[in-house]
Amino acid sequence: MLKKITTAAVAVMLAALTACGSGGSGDAGSSGAKDDGKITMGFAQVGAESGWRTANTKSIQEEAAAAGIDLKFSDAQQKQENQIKAIRSYIQQKVDIIAFSPVVETGWDTVLLEAKRANIPVILTDRAIDSDDTTLYKTFLGSDFVLEGKKAGEWLKENAGTAKNVVELQGTTGAAPAIDRKKGFEEAIAGTDLKIVATQTGDFTRSGGKQVMEAFLKSVPQIDVVYAHNDDMGLGAIEAIKAAGKVPGKDIKIITVDAVKDGMTALAAGEINYIVECNPLLGKQLMDLSKKVLAGEEVPPRVVTEESAFTSEQAKTELPNRKY
Ligand code: GYE
């Protein structure tokens with residue numbers, strides 16, 4: 001008897017599941033759009049940790065509106081658990097597509113498998129994940145962070161003079177840009193007299209960069225160079241260096257990544273010596289890719305953003321043209 005009920009119950013459950021599946025948003029016509037014809041995107045943002053992030057959020061919101069895409073936006077305050085919750089809620093709401101910038105590289109397989117089972121395509125933007133299962137997302141749109149780190153290291157190699165001791169302000173622990181920018185930089189300075197004598201995370205924030213730099217200035221006897229994984233941490237370090245009675249850009253060389261307005265202003269003023277650009281304006285490309293994915297068109301598995309790098313002189317000419 002018990003067995004019979006169980007079998008029947010399973011059959012009912014299966015039928016319900018199948019019905020759910022065919023009513024899911026992923027199957028709603030070849031355009032992927034819901035009945036009203038409008039695409040709904042769930043976007044799980046990392047947070048609001050930096051000038052780069054603010055520009056990135058603005059670009060996504062503006063370009064979604066311009067593309068007629070209904071955007072559900074969440075800010076995870078740099079916490080993976082919050083991003084996972086947001087993604088689960090987008091799955092529940094049956095959005096047409098999910099895009100997100102993973103705060104760290106690992107730990108995404110379970111939730112992305114849930115999205116896949118619900119037939120909701122996922123696009124990674126800005127940061128990548130570390131997973132063997134490449135079927136969990138359609139494409140990854142973002143920068144080559146190893147190359148950015150390399151550019152920073154190459155410039156230092158050419159312009160080090162007598163400088164030897166580098167302190168590194170790392171981005172968020174476990175985040176793709178922190179891992180890769182470190183890797184690229186280390187590769188570039190390998191075999192030279194330059195050495196990373198201290199390294200710690202400043203979590204990509206200005207206050208984090210300031211705090212870590214204050215501690216370094218107390219504990220590291222000779223600091224010649226600061227390599228900060230983003231402008232904001234570099235700007236925080238500048239405050240700490242000034243407070244310690246030293247001249248940023250002269251007594252201590254500073255190299256950062258991003259090239260947002262505040263960073264470029266400090267570069268033009270000579271307080272930062274070199275900035276490697278990382279473009280936050282990913283909104284337009286993200287919306288175009290989303291439309292293609294939902295129309296069933298092929299998209300490349302990796303879309304890399306074009307970027308440059310600036311010296312102090314170049315910053316002076318470039319600054320008036322900066323959009324972020
Ligand atoms: O460089 C930093 C931000 O993931 C590329 O995150 C992004 C990085 C960016 O907080 O400023």
Side-chain angles (χ1 to χ4, degrees), residues 43-60 75-80 82-83 99-106 108 123-130 137 140-152 168-185 200-212 226-238 254-267 272 274-283 285-286 302-310 322-324:
F43 189 93
Q45 182 60 292
V46 168
E49 73 282 5
S50 64
W52 189 99
R53 189 64 56 196
T54 311
N56 179 247
T57 292
K58 193 164 167 259
S59 163
I60 285 153
D75 172 339
Q77 298 181 335
Q78 299 233 70
K79 293 203 176 76
Q80 181 172 34
N82 291 346
Q83 270 192 318
F100 81 116
S101 171
V103 59
V104 290
E105 278 190 341
T106 54
W108 299 102
I123 295 183
L124 303 179
T125 92
D126 157 35
R127 297 183 183 177
I129 63 167
D130 182 5
Y137 56 93
F140 164 42
L141 162 69
S143 312
D144 181 341
F145 299 134
V146 177
L147 182 65
E148 290 173 351
K150 261 201 189 118
K151 286 183 192 169
E168 182 183 38
L169 301 175
Q170 288 192 44
T172 303
T173 306
I179 295 167
D180 293 352
R181 285 173 186 166
K182 180 172 187 49
K183 186 167 177 255
F185 184 81
Q200 207 179 304
T201 179
D203 218 11
F204 279 129
T205 65
R206 214 173 274 212
S207 59
K210 186 176 176 207
Q211 264 174 33
V212 174
V226 173
Y227 168 45
H229 288 186
N230 79 343
D231 288 351
D232 281 85
M233 291 191 295
L235 292 164
I238 288 175
I254 303 178
I255 307 164
T256 65
V257 185
D258 274 356
V260 293
K261 252 196 193 126
D262 287 356
M264 290 293 271
T265 307
L267 179 63
I272 294 179
Y274 194 62
I275 302 186
V276 178
E277 184 183 39
C278 180
N279 188 357
L281 306 182
L282 305 177
Q285 276 172 298
L286 174 61
R302 174 79 172 99
V303 181
V304 188
T305 21
E306 295 261 325
E307 279 145 5
S308 127
F310 307 99
R322 275 336 253 179
K323 292 194 187 65
Y324 51 87

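We count ligands from 1, going down the list as the structure has it; atoms in each ligand are counted the same way. If you're wondering where the values come from, they're calculated on a predicted model, not measured in any experiment.
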Inset, instruction - Could you please provide the protein residues found below 4.0 Å of ligand 1 on a heavy-atom basis, arranged by chain and number? - result: Glu49, Ser50, Trp52, Arg53, Asp126, Arg127, Phe145, Pro177, Arg181, Phe204, Asn230, Asp258, Cys278

Inset, instruction - Kindly compute the distance separating OG (Ser143) from CG (Asn279), expressed to the nearest 0.5 Å. - result: 7.0 Å

Legend entry - Spatial distance of atom CG (Asp258) from atom CD1 (Ile275) [nearest 0.5 Å]: 8.5 Å

Legend entry - Partner of Leu141 under side-chain contact (heavy atoms from CB on, under 4.5 Å), chosen from Asp126, Val303, Leu124: Val303

Inset, instruction - Name the orientation class of the two ring planes belonging to His229 and Phe204 (parallel below 30°, tilted from 30 to 60°, perpendicular beyond 60°). - result: tilted

Legend entry - With Gln45, the side chain to side chain donor-acceptor pair (under 3.5 Å) member among Asn56, Thr125, Asp75: Asn56

Inset, instruction - Please round to the nearest 0.5 Å and tell me the distance separating atom CD1 of Ile254 and atom OH of Tyr227. - result: 14.0 Å

